[in-house]
Amino acid sequence: MSAETREKVYLAAADALDPAKTFECGQCFRWRADGDGGYTGVAFGTAARVWTENGTVCLDADGPAPWRDYFDLETDYGAISRDFLGVSPYMDECVAFGRGIRLLRQEKWEALCTFILSQCNNIPRIRGIVERLCAAFGQPVRFHGETLYSFPSAQVLAPLAPEDLAPLRCGYRAPYVLDAARQVAEGRLDLDALSGACCGDSLNALKCVSGVGEKVAGCANLFGLGHREAFPVDVWMRRALKAHFPPDFDPAVFGENAGLAQQYIFYYARSGGKENFV
DNA sequence: AAACAGGCCTAAA
DNA sequence: TTTAGGCCTGTT
């Protein structure tokens with residue numbers, strides 16, 4: 001990519017966007033720390049680096065892409081978070097701990113596909129599988145002297161057979177990914193339309209994909225389709241809810257941005273330590 | 001060695 | 001409607 005199309009942009013004040021928390025809170029799998037306090041990744045087929053300097057977060061991208069939307073910078077997280085306070089002392093801790101997280105508006109197909117691969121897996125292995133998927137079937141993107149890869153489209157994956165995915169070592173999830181790719185490529189699963197539909201309808205449509213249940217559909221809804229009221233519950237969330245919320249607790253009390261509350265709870269449960277669950 | 005990992009599927013009560 | 005067992009692969 002030529003220097004002419006490269007853009008370095010100011011993203012946000014450092015207290016509004018914490019790259020480390022945002023990229024490592026569990027919502028995405030492709031951004032990696034580069035050792036200099038920055039993160040490098042690919043979205044929209046475009047490579048970028050994000051770092052903090054002098055109290056601001058900057059982005060150096062390989063070309064134009066909707067980065068402000070990607071980082072959800074038009075949303076007032078402070079205002080939303082205030083609505084979560086007072087639910088319980090534990091919830092206050094979650095909000096404080098997660099301050100700086102922004103829910104990325106990831107590409108729809110990537111979100112669906114990566115969370116299919118995430119099931120019953122740990123994060124390092126998920127990241128490995130996703131990187132092998134991109135290296136094998138994505139487009140190469142040169143960036144600062146190294147070769148990165150875009151996320152492969154559903155159209156590229158749809159014609160493949162499970163054996164073609166063997167190098168990924170994703171096990172029994174291979175046919176799940178291919179079913180999803182085919183449904184999307186053939187237009188039977190219209191992710192753009194589902195993004196505009198109501199959360200529940202979208203959830204039910206996603207669950208028609210083999211290997212997509214309540215949790216994976218919830219993650220696709222929240223992280224890819226922009227359904228911010230989605231509240232996916234995995235084992236960590238189940239533990240946190242059981243330990244710190246009433247048995248009949250209804251996440252709907254968190255309102256139309258319940259998904260952010262979910263992320264705060266999840267991130268605190270995972271990073272806050274096992275001592276939360278003794 | 002055996003259990004477990006950020007689920008889901010199928011079969012069977 | 002809920003429950004048990006199995007599933008690829010990798011790590012502890």
Side-chain angles (χ1 to χ4, degrees), chain A residues 20-32 94 97-98 101 103-104 106 110-137 157 160-184 189 200 202-225 227 230-245 247-248 251 258-274 276-278:
Chain A
K21 290 182 185 177
T22 296
F23 294 136
E24 294 180 15
C25 71
Q27 64 176 323
C28 59
F29 302 101
R30 295 211 62 203
W31 291 86
R32 65 164 208 275
C94 292
F97 190 76
I101 288 177
L103 288 182
L104 300 174
Q106 298 178 249
E110 176 176 336
L112 173 60
C113 188
T114 55
F115 278 94
I116 287 173
L117 291 168
S118 80
Q119 65 184 85
C120 204
N121 243 331
N122 53 53
I123 289 175
R125 187 151 99 96
I126 298 166
R127 297 179 85 103
I129 291 170
V130 170
E131 283 319 300
R132 289 191 289 275
L133 173 70
C134 294
F137 303 107
L157 300 181
L160 301 179
E163 310 85 79
D164 298 320
L165 299 189
L168 309 186
R169 284 170 281 151
C170 66
Y172 59 81
R173 303 160 194 83
Y176 297 163
V177 167
L178 295 181
D179 182 45
R182 285 169 193 146
Q183 290 206 36
V184 169
L189 189 68
S202 179
L203 191 80
N204 288 331
L206 290 168
K207 284 164 68 176
C208 292
V209 176
S210 175
V212 176
E214 193 81 16
K215 191 270 179 180
V216 170
C219 287
N221 251 352
L222 177 60
F223 303 126
L225 303 196
H227 285 122
F231 195 89
V233 176
D234 69 337
V235 293
W236 290 95
M237 284 299 294
R238 213 173 298 288
R239 268 180 278 190
L241 291 172
K242 181 171 182 180
H244 301 288
F245 291 81
D248 59 348
L260 181 61
Q262 177 276 157
Q263 205 59 27
Y264 287 150
I265 297 167
F266 175 84
Y267 180 60
Y268 190 54
R270 291 233 48 191
S271 331
K274 323 285 192 243
N276 295 324
F277 303 115
V278 285

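Here is how names work: the chains are called A, B, and so on, in the same order as the sequence lines, proteins then strands, and each is numbered from 1.
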*Candidate pair Glu24(A) and Trp31(A), rule side chain to side chain contact (heavy atoms under 4.5 Å, CB included), full reasoning*: CA-CA 8 Å; Glu24(A) 294 180 15; Trp31(A) 291 86; over 6 Å; no

*Given atom CD1 of Ile129(A) and atom P of dG10(C), what is their separation to the nearest angstrom?*
8 Å

*asked:* Donor-acceptor check, side chain of Lys215(A) to backbone of Val235(A), threshold 3.5 angstrom: yes or no?
replied: no

*Interatomic distance, Ile123(A) CD1 vs dG10(C) C1' [rounded to whole Å]*: 15 Å

*Any chance you could encode DNA chain B as dot-bracket? Rule is Watson-Crick or G-U wobble with both distances under 3.5 Å; [ ] for pairs crossing earlier ones, | for another strand.*
.||||.|||||||

*asked:* Distance check needed: dG6(B) P versus Asn122(A) CG, whole Å only.
replied: 6 Å

*Gln119(A) side chain: which of dC8(B), dG6(B), dA5(B) is closest?*
dC8(B)

_Euclidean distance, atom CG of residue Leu241(A) to atom P of dG6(B) [Å, nearest integer]_ = 16 Å

*Under 4.0 Å between any heavy atoms, over every strand shown, what does Gly211(A) touch: base, sugar-phosphate, or nothing? Just pick one.*
sugar-phosphate

_Arg127(A) (side chain) donor-acceptor with Arg30(A) (main chain) under 3.5 angstrom_ = no

_Checking contacts here: which listed nucleotide (dG6(B), dT9(C), dC8(B)) is nearest the side-chain heavy atoms of Val216(A)?_
dC8(B)

*Between CD of Gln263(A) and CG of Leu103(A), what distance do you get to the nearest 0.5 Å?*
6.0 Å

*In whole Å, what is the span from the CZ atom of Arg239(A) to the C1' atom of dG7(B)?*
14 Å

*Which residue, Lys207(A) or Gln262(A), contacts DNA chain B at a nucleotide closer to its 5' end, judged by nearest heavy atom?*
Gln262(A)

*Give, for atom CD of Gln106(A) and atom SG of Cys113(A), the distance between the pair rounded to the nearest 0.5 Å.*
12.0 Å

*So which of residues 161-173 of chain A are in contact with DNA chain B, with a heavy-atom cut-off of under 4.0 Å?*
Tyr172(A)

What does the list of N/O pairs under 3.5 Å between the protein and nucleotides 11-13 of chain B look like, with a distance for each?
none

*asked:* Heavy atoms from C-beta onward define the side chain here; which of dC9(B), dG10(C), dA5(B) lies closest to that of Tyr176(A)?
replied: dC9(B)

*Hey, what do you get for OH (Tyr267(A)) to SG (Cys94(A)), rounding to the nearest 0.5 Å?*
12.0 Å

*asked:* Using the P atom as the point on both nucleotides, what is the distance between dG6(B) and dT3(C), in whole Å?
replied: 22 Å

_Closer than 3.5 angstrom, by distance alone: can the side chain of Arg125(A) be matched with the main-chain N or O of Asn122(A) as a donor-acceptor pair?_
no

*Please check if the side chain of Arg239(A) supplies one atom and the backbone of Asp234(A) the other of a donor-acceptor pair under 3.5 Å.*
no

*Mind calculating the distance between CZ (Arg132(A)) and C1' (dC8(C)) to the nearest angstrom?*
12 Å

*Separation of Leu117(A) atom CG from dC8(C) atom P, in whole Å?*
15 Å

*Using whole Å, report how far CD1 of Ile116(A) lies from P of dC7(C).*
21 Å

*Is there a donor-acceptor pair under 3.5 Å between the side chain of Thr114(A) and the backbone N or O of Ala111(A)?*
yes

_Work out how far the P atom of dC9(B) is from that of dG10(C), and round it to whole angstrom._
23 Å

*Side chain Gln27(A), main chain Phe223(A), donor-acceptor under 3.5 Å*: no

*Please walk me through it: do Val212(A) and Phe115(A) pass side chain to side chain contact (heavy atoms under 4.5 Å, CB included)?*
CA-CA 9 Å; Val212(A) 176; Phe115(A) 278 94; over 6 Å; no

*Distance-minimising heavy-atom pair for Cys28(A) and Leu104(A)*: SG-CD1, 3.9 Å

